[in-house]
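The analysis underlying the following values was restricted to heavy atoms, covering all of them including side chains, and did not include hydrogens, waters or symmetry mates.
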Amino acid sequence: MSSNKPVDKERRVWMIACGVTGGLAAAATGGVFLSTLSPSERAKAAGAPVEIDISGMQPGEMKTVEWRGKPVWVVRRTPEQIAQLSALDNQLADPNSQRTDYPTPEYARNTQRSIKPEYLVAVGICSHLGCSPTARFDAGPQPSLPDNWQGGFLCPCHGSTFDMAGRVYANKPAQDNLEVPPHMYLSESKILIGQDQSDA
């Protein structure tokens, strides 16, 4: 037996309005939730590769660029600094960059730890407790450094020292060399940091 009750038009309008409003709220909430799953433009930019222009750099000069919130150094070494690197192996903790805690890209597993001997590209963060070493490129006796210092980097927090290839000296608080980030040369005057040929 069918019901002959008249339909309450006002109630129908309210039910439709509530349904539409609920649907819009669910869509908006879902959109906000999905947007939290994908990285923001700022986050993408923070991890994106960065270019550095090395044209005009003089021997003995260092430039710094930020990549992933970390300082990355590009050092143009002098011929003398390059020449003395191989003589330091017996003083270093990991002269051939074999340790895996701070893996060195294959193309930088050499005495200079670089693609081109003239340029060092390294993350400027000490492998001990994350302090920032300072450049001490001048050779010779200096405060907090040995008398036979050949130039490199000193971490003033705990005294770790690194040579001009970012290799850590033995018997120091830091046990690992400075990190060499992925990088490649876009031209003779530009280096891309954060990406190399394996990612291209």
Side-chain angles (χ1 to χ4, degrees), residues 39-86 88-89 92-137 150-155 160-169 172 174-200:
S40 67
E41 289 303 314
R42 187 174 177 184
K44 287 180 191 173
V50 294
E51 287 184 24
I52 184 167
D53 186 346
I54 58 173
S55 62
M57 282 187 74
Q58 299 302 309
E61 187 179 344
M62 181 172 79
K63 282 189 173 185
T64 304
V65 66
E66 185 177 339
W67 172 67
R68 292 187 174 178
K70 300 184 282 190
V72 175
W73 299 330
V74 177
V75 181
R76 184 177 178 185
R77 293 177 282 215
T78 66
E80 294 77 19
Q81 289 168 337
I82 297 168
Q84 57 84 23
L85 288 174
S86 58
L88 299 174
D89 285 7
L92 305 170
D94 183 21
N96 300 314
S97 301
Q98 295 176 329
R99 294 190 178 167
T100 56
D101 286 351
Y102 285 75
T104 299
E106 192 63 39
Y107 47 80
R109 286 192 185 179
N110 49 53
T111 302
Q112 298 84 22
R113 299 184 80 227
S114 61
I115 298 172
K116 296 183 179 183
E118 196 172 354
Y119 292 98
L120 169 68
V121 179
V123 175
I125 296 177
C126 181
S127 57
H128 178 221
L129 292 176
C131 304
S132 186
T134 58
R136 296 291 185 89
F137 295 165
Q150 296 298 312
F153 305 92
L154 166 69
C155 186
S160 294
T161 48
F162 304 84
D163 73 355
M164 289 299 300
R167 300 177 298 175
V168 67
Y169 281 86
K172 297 293 181 178
Q175 295 297 304
D176 290 287
N177 298 332
L178 296 179
E179 178 186 359
V180 173
H183 65 282
M184 61 184 181
Y185 285 80
L186 299 177
S187 67
E188 289 298 313
S189 61
K190 288 197 176 175
I191 300 175
L192 184 67
I193 295 167
Q195 182 178 323
D196 56 24
Q197 296 292 349
S198 65
D199 301 321

A.B. asks: Does the side chain of V72 come within less than 4.5 Å of T64's, by heavy atoms?
C.D. replies: no
A.B. asks: Minimum heavy-atom separation for M62 to A135, with atom names?
C.D. replies: CE-CB, 4.1 Å
A.B. asks: So, do V168 and Q175 sit near enough that their side-chain heavy atoms are less than 4.5 Å apart?
C.D. replies: no
A.B. asks: With a 4.5 Å heavy-atom cut-off, do R77 and E118 have their side chains touching?
C.D. replies: no
A.B. asks: Just wondering, do I125 and P71 contact through their side chains at under 4.5 Å, heavy atoms?
C.D. replies: yes
A.B. asks: Tell me if a side-chain donor or acceptor on E179 pairs with a main-chain N or O of N177 at a distance below 3.5 Å.
C.D. replies: no
A.B. asks: Just how far is it from atom CD1 of I52 to atom CE of M57, taken to the nearest 0.5 Å?
C.D. replies: 6.5 Å
A.B. asks: Is a donor on one side and an acceptor on the other found under 3.5 Å between the side chain of R113 and the backbone of L120?
C.D. replies: no
A.B. asks: Could you tell me whether R167 and D89 have a side-chain N and a carboxylate O separated by less than 4.0 Å?
C.D. replies: yes
A.B. asks: Could you verify whether a donor N or O on one side chain and an acceptor N or O on the other, from Y169 and D163, lie under 3.5 Å apart?
C.D. replies: no
A.B. asks: Is the shortest side-chain heavy-atom distance between L85 and Q112 below 4.5 Å?
C.D. replies: yes
A.B. asks: Under 3.5 Å, side chain of N96 to main-chain N/O of Q98, donor-acceptor pair present?
C.D. replies: no
A.B. asks: Verify whether the ring centers belonging to H183 and Y107 lie closer than 6.0 Å.
C.D. replies: yes
A.B. asks: Using a 4.5 Å cut-off on heavy atoms from C-beta on, say whether the side chain of F137 contacts that of V75.
C.D. replies: yes
A.B. asks: May I ask you to decide if T161's main-chain N or O and R136's side chain share a donor-acceptor pair within less than 3.5 Å?
C.D. replies: no
A.B. asks: Does any non-hydrogen side-chain atom of W73 lie less than 4.5 Å from one of P133?
C.D. replies: yes
A.B. asks: Closest approach of P105 and P181, non-hydrogen atoms and distance?
C.D. replies: CG-O, 4.3 Å
A.B. asks: Are any non-hydrogen side-chain atoms of C126 and F162 less than 4.5 angstrom apart?
C.D. replies: yes
A.B. asks: Roughly how far, to the nearest 0.5 Å, is the CE atom of M164 from the OG atom of S114?
C.D. replies: 11.0 Å
A.B. asks: With rounding to the nearest 0.5 angstrom, report the CH2 to CG distance, W67 to L192.
C.D. replies: 10.5 Å
A.B. asks: Per the salt bridge (Lys or Arg N to Asp or Glu O under 4.0 Å) rule, what does the pair list look like for residues 184-195, sequence neighbours excluded?
C.D. replies: E51-K190, K116-E188
A.B. asks: Going through the checks in order, is the side chain to side chain contact (heavy atoms under 4.5 Å, CB included) test met by I193 and V65?
C.D. replies: CA-CA 9 Å; I193 295 167; V65 66; 3.6 Å; yes
A.B. asks: State whether the side chain of D94 and the backbone N or O of R99 hold a donor-acceptor pair below 3.5 Å, judged by distance alone.
C.D. replies: yes
A.B. asks: Do any N or O atoms from the side chain of S189 and from the backbone of I54 form a donor-acceptor pair under 3.5 angstrom?
C.D. replies: no
A.B. asks: Please determine whether a side-chain nitrogen of the Lys or Arg among E61 and R76 lies less than 4.0 Å from a carboxylate oxygen of the Asp or Glu.
C.D. replies: no
A.B. asks: Let me see the working for V74 and I191 under side chain to side chain contact (heavy atoms under 4.5 Å, CB included), right down to the final yes or no.
C.D. replies: CA-CA 9 Å; V74 177; I191 300 175; 4.2 Å; yes
